[in-house]
There are 2 protein chains.
Amino acid sequence: MANETLESGAETIAMRVVGALRDEIVSMALKPGDVISESDIAARYGVSRQPVREAFIRLAQQGLLLIRPKRATVVKKISPTGVRQSRFIRESIEVEIIRRVAGQPGSDAAQVLGDLIAEQEQASSANDSRRFHALDELFHRTLARLAGVEYAWQLIDDHKIQLDRVRYLTLGVSSSQRAIAEHKQIAEAVAKADPELAEIAMRAHLARAETLLTQTIEDFPDFFE
Amino acid sequence: MANETLESGAETIAMRVVGALRDEIVSMALKPGDVISESDIAARYGVSRQPVREAFIRLAQQGLLLIRPKRATVVKKISPTGVRQSRFIRESIEVEIIRRVAGQPGSDAAQVLGDLIAEQEQASSANDSRRFHALDELFHRTLARLAGVEYAWQLIDDHKIQLDRVRYLTLGVSSSQRAIAEHKQIAEAVAKADPELAEIAMRAHLARAETLLTQTIEDFPDFFE
DNA sequence: GCTACAATTCTTGTATGGAAGATCTGCGGT
DNA sequence: ACCGCAGATCTTCCATACAAGAATTGTAGC
């Protein structure tokens, strides 16, 4: 969902707890199925129950926690169909984006994308997988910006968090060379102002997430519904 | 965002307040820019501040409220670019959906859609605009179901709430005849198993929201950012 | 050994009091 | 008349106590 719904500036305790818990969940320090309680987390962070409770509400709305009233709160297991449909949503939107970007020739889009890919190659050579992943995300967000729908990327980003949990389970195994090659194909199609080709390249690029998912389900069945 | 994140069954006060406030906001009883406070709402509903506060948090994450820490909470004004990009998102997804549905011939999709359109014609004849709107929504959700991505519709639904506020401002003016005709074109393309034609019909159908938006901005400029 | 049931102990939900900060008000100075 | 500053009065935020439901445990009875 589109958020940062409260004005920036102040830094409340609740917001800190939200960020900390989200990191723990995405990094799998808190595993799917783990039971947590307001008291536990409050004690662990040295704060009162109240801000923790509010953090739970926010994270539950983001699909990371499941609050069972009067019972307990658990780290939500990953829903395979949920991830697949998130991918469907992402593909739908990104295809539309890439067609737009490739359809407006004469822009500096190809140049910008080329620079990003060069940076990714550096990160890949340096084995800096963290930076590589950040650049990968930036590549896609940049496409959204070039298409004039940056807001749409926020949506994708919110839903991508579930896939990020999956990705974290297979860290380092990702073949960055292949991702770079696919990015190059996309950028090339943009340079040629060929929407059809760009669409094909984008679909192929995003299709890899499916194999990642099925593989991970086999390796960590307990983390999935 | 995909929610109902807390198990159904119990009916807490906070949930009741969420529903009541959401209705008030969508029905424009609470107008964009209106300032509300936890105490106000708590007194108005005869409950404590705590559940109201939690309701505020939920509604803020849904983009209906803006919490300004230590200052106030206001009913969020409608963002024209936000609505436009929501429309972009919706169009991207629904185009993909309709192509899928039209691409799998031999199903009973056309039959199901035809029945829905018939019901809409009844509602239109009876001037039951409320039922008509519900059936319109059902038409699109049914398409998502037929494509096997009902979850995706939930996403659209969550974002559609902003457009619903706009729609409420122009209630009754909607030309239902035209909407029915467009639905018929879509259903016909599905019956012919022609994805290209279905896509064109769907895009034309969704494009009408744009004129609705620009018109409403002119009529109620104070409600927009 | 097994079952029924009650008490204990968890959990989240609600109420209320006060703290911290931001805005508004009014008074005094120039 | 205008500006500055201090106090009153809002707001949301946080802490704490208690309430209510659900799960667990232990125990009595068979």
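Sequence lines set the chain letters: A, B, ... in the order given, protein chains first and strands last, and positions in each chain run from 1. Scope of the values below: all heavy atoms of this structure, side chains included, with no hydrogens, waters or symmetry mates. The structure presented is a predicted model; accordingly, all values stated were derived computationally and were not measured.
Remark: P of dT11(C) and CZ of F56(A) are 10 Å apart, rounded to the nearest angstrom. Atom CD1 in I67(A) sits about 12 Å away from atom P in dT14(C), given to the nearest Å. Between I57(A) atom CD1 and dT12(C) atom P there is a gap of 11 Å when expressed in whole angstrom units. Distance CD (E38(A)) to C1' (dC14(D)): 14 Å, rounded to an integer number of Å. Atom CZ in R53(B) sits about 15 Å away from atom P in dG13(C), given to the nearest Å. Atom CD of E54(B) is separated from atom C1' of dA15(C) by 12 Å (rounded to the nearest Å). Whole-Å rounding puts the L65(B) CG to dT12(D) C1' distance at 13 Å. One interatomic measurement links the two molecules: CD of E11(A) to C1' of dG21(C), which rounds to 15 Å at whole-angstrom precision.
Judged by distance alone, the side chains of D115(A) and Q111(A) do bring a donor and an acceptor atom under 3.5 Å apart. Q162(B) and R165(B) share a donor-acceptor pair across their side chains, judged by distance under 3.5 Å alone.
Residue F56(A) comes nearest to I67(A) through the heavy atom pair O-CD1, 3.9 Å, listed as atom of the first residue, atom of the second, then distance.
Every side-chain hydrogen bond (donor to acceptor under 3.5 Å, both in side chains) that E119(B) has, sequence neighbours left out, goes to R131(B). Under the rule for a side chain to side chain contact (heavy atoms under 4.5 Å, CB included), the partners of T214(A) that lie at least two apart in sequence or sit in another chain are R84(A), E210(A). Every residue two or more places apart in sequence or in another chain was checked for a side chain to side chain contact (heavy atoms under 4.5 Å, CB included) with D23(A), and none qualifies.
In this model, the phosphate group of dT11(D) is not approached by any side-chain N or O of T73(B) to a distance below 4.0 Å at OP1 or OP2. Residue R68(A) has no polar side-chain atom (N or O) positioned under 4.0 Å from OP1 or OP2 of dA22(D).
Taking the charged nitrogens against the carboxylate oxygens, E54(B) and R53(A) do have a contact shorter than 4.0 Å, which makes a salt bridge.
Remark: side-chain polar atoms of E225(B) are not paired, donor with acceptor, to backbone N or O of S79(B) under 3.5 angstrom. With hydrogens and angles disregarded, no donor-acceptor distance shorter than 3.5 Å links the side chain of E24(B) to the backbone of A29(B). Between the side chain of K31(A) and the main chain of F223(A), no donor-acceptor pair closer than 3.5 Å is present.
Checking each of L59(A), I57(A), L30(A) against L65(A) for a side chain to side chain contact (heavy atoms under 4.5 Å, CB included) leaves exactly one that passes, namely L59(A).
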Show each protein N/O and nucleotides 24-26 of chain D N/O combination with a separation under 3.5 Å, one pair to a line.
none

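Residues from residues 41-51 of chain A that place a heavy atom under 4.0 Å from any atom of DNA chain D, listed by number: S48(A), R49(A), Q50(A), P51(A).
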For this session: Summarise protein proximity over nucleotides 5-10 of chain C in one line of letters, 5' to 3': B for base, S for sugar-phosphate only, - for none, counting protein heavy atoms closer than 4.0 Å.
Result: ------

